[in-house]
Amino acid sequence: MDTLLQPGAATAPGTVHATLNYLAPGAGAPFVYAYDPPLGMPPRNRGSEPRRVQIHDARPLMRRLSLDVEGFELRRHDTQVVDFYDDAEVRRVYYPEVDALLRAATGAEKVVIFDHTLRSGSAEQREKSGVREPVRSVHNDYTALSGRRRVSDHLPPAEAEQRLSRRHAVINVWRSIRGPVEATPLAVCDARSLRPDDLVATDLVYPDRVGEVYSVRYNPAHRWFFYSHSRRDEALLIKTYDSLEDGTARFSAHSAFDDPATPIGAAPRESIEVRALVFF
């Protein structure tokens, strides 16, 4: 195992020290409103616990990190999309590209892409395009419960029942949609450094439904990575759920962070993430 993957390894070139926001200790099951909450309700019932951590540049390890071991991997991947802010173009051009990428990367026999999210670090761009800002809290998009539920949400009942009896997973495909990322890069956590009790099921409340994600408690054993200057011709694959319980990476965690090496006047990050079910 490379020394960068060992707990306590911290002085390699490309290592940065930055703050990540973990779930603060507290009583009661956490919840977060994904819209303006009803009158008298707080947007969330648990605060954040900022922690200073070491985040290693994963580029030197690019060929050694994988979805099934660490829970993430970076792939060189060109796209023919001209305008990622054109929803129709994304669905027409990018969805098939991601489908092919995931089949090649995982060996899956079927891929079902069910949504995508655009994010920008620019308030002006968010106002103009209605996109979201980068999430500066440590989380994983799905839980053991909500990952399975996605299968039933997006397949006919008979097929869902069949697919749920075999291996299935949810993968987030993240990409910069402009030049190399200079500000607010994405940190990803080595799945092997996560412990089951680090993951806290959290209700994500929408106007018409309640989803479930994992918030994450701080653990000094967590090993964090990022890919410096992520480019438009690269795709970062992140395992957010896997039905296997045999030691294969099942969940990861990720968060945007403020890189202390970001130059003054750096362009705000603009990115897209596509979420997909993969079936084996």
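Owing to the predicted nature of the structure, the values given are computational and were not obtained by experimental measurement.
Taking 4.5 Å as the limit, some side-chain heavy atom of K239 sits within range of a side-chain heavy atom of T248. Counting heavy atoms from C-beta outward, W224 and D190 have side chains that stay 4.5 Å or more apart. Taking the side chain as every heavy atom from C-beta outward, L186 and R269 approach each other to under 4.5 Å. Counting only heavy atoms from C-beta outward, the side chains of V205 and V32 never approach each other to under 4.5 Å. Looking only at side-chain heavy atoms (C-beta outward), R217 and V200 come within less than 4.5 Å of each other. Put simply, the side chain of D258 does not reach to within 4.5 Å of the side chain of T19, judged on heavy atoms.
Residues M41 and Y33 approach most closely at CE-OH, 3.6 Å, considering heavy atoms.
No close placement of the F226 and H56 rings is indicated, their centers lying 6.0 Å or farther apart. The ring of Y214 has its center closer than 6.0 angstrom to the ring center of F251. If you look at Y241 and Y142, their ring centroids are not closer than 6.0 Å. Separation of the H17 and F257 ring centroids does not fall under the 6.0 Å cut-off.
Side-chain atoms of T143 come within 3.5 Å of backbone N or O of S146 as a donor-acceptor pair. Judged purely by atom type and a 3.5 angstrom limit, R75 has no side-chain atom pairing as donor or acceptor with the backbone of L101. Judged by distance alone, with hydrogens and angles left aside, the side-chain atoms of D198 form a donor-acceptor pair with the main-chain N or O of R195 at under 3.5 Å.
We find that D87 and R91 are joined by a salt bridge, their nearest charged nitrogen and carboxylate oxygen being less than 4.0 Å apart. Taking 4.0 Å as the cut-off between side-chain N and carboxylate O, R167 and D242 count as a salt-bridged pair. Between D233 and R175 there is no salt bridge, since no side-chain nitrogen of the basic residue lies less than 4.0 Å from a carboxylate oxygen of the acidic one. For the pair D115 and R275, the salt-bridge criterion is met [side-chain N within less than 4.0 Å of a carboxylate O]. Using a 4.0 Å cut-off between charged nitrogen and carboxylate oxygen, E109 and R163 count as a salt-bridge pair. Ion pairing between K128 and E124 fails under the 4.0 Å rule for side-chain N and carboxylate O.
Here the rule is salt bridge (Lys or Arg N to Asp or Glu O under 4.0 Å) with E270, and of R132, R126, R178, R119 only R178 fits it.
S129 and Q125 share a side-chain donor-acceptor pair at under 3.5 Å.
Counting heavy atoms of neighbouring residues, nucleotides and ligands inside a 6.0 Å radius, atom CG of D246 exceeds 12 of them.
Linking Ile, Leu, Val, Met, Phe, Trp and Tyr residues whenever their side-chain heavy atoms come within less than 4.5 Å leaves L145 and V213 in two separate clusters.
Ring geometry for F72 against Y227 counts as perpendicular: the plane angle is over 60°, on a 0 to 90° scale with 30° as the lower cut.
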